[in-house]
Amino acid sequence: MTSHESGHAARLLVLVDEDGNIVAASGPAGHRPLDRDTPTDGGVRPSKGRTLHEVVVPEELKNAGTAESLGNFYVARDGDQPRLARRSPQG
């Protein structure tokens, strides 16, 4: 079942620097292995100047289909919730 079929938005866990640049990503957030004996607890302790966020994956990024496309996005913190935003084209 895809996230769309279950009614839940696809999400990523992203580690970002002070400027919102994505340093690392793991997805989908909240994924649990099928094997019940596999440990699911873990933790990330971001270094100074870095923060961890769970963000919704925008349709544009889902449709791109490659992890490299994530480089075209950053984490914007301009509202109630951090979100992935597309970088402006350089020109």
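To the nearest 0.5 Å, atoms CD (Glu18) and OG1 (Thr51) are separated by 9.0 Å. Going from atom CZ of Arg83 over to atom CZ of Phe73 covers 10.5 Å, rounded to the nearest 0.5 Å. A distance of 8.0 Å separates CZ of Arg86 from OG of Ser69, quoted to the nearest 0.5 Å. Remark: Leu13 CG to His53 NE2 distance equals 10.0 Å, nearest 0.5 Å.
Leu84 is listed as a side-chain neighbour of Leu70, based on a closest heavy-atom distance under 4.5 Å. Counting only heavy atoms from C-beta outward, the side chains of Asn21 and Arg87 approach each other to under 4.5 Å. Contact check for Val16 versus Arg77: side-chain heavy atoms found under the 4.5 Å cut-off. Side-chain atoms of Ile22 and Leu15, non-hydrogen and from C-beta on, never get closer than 4.5 Å to each other. Between Val55 and Arg11, every side-chain heavy-atom pair lies at or beyond the 4.5 Å cut-off.
Hydrophobic clustering of Ile, Leu, Val, Met, Phe, Trp and Tyr side chains at less than 4.5 Å, counting indirect connections, unites Val75 with Leu12.
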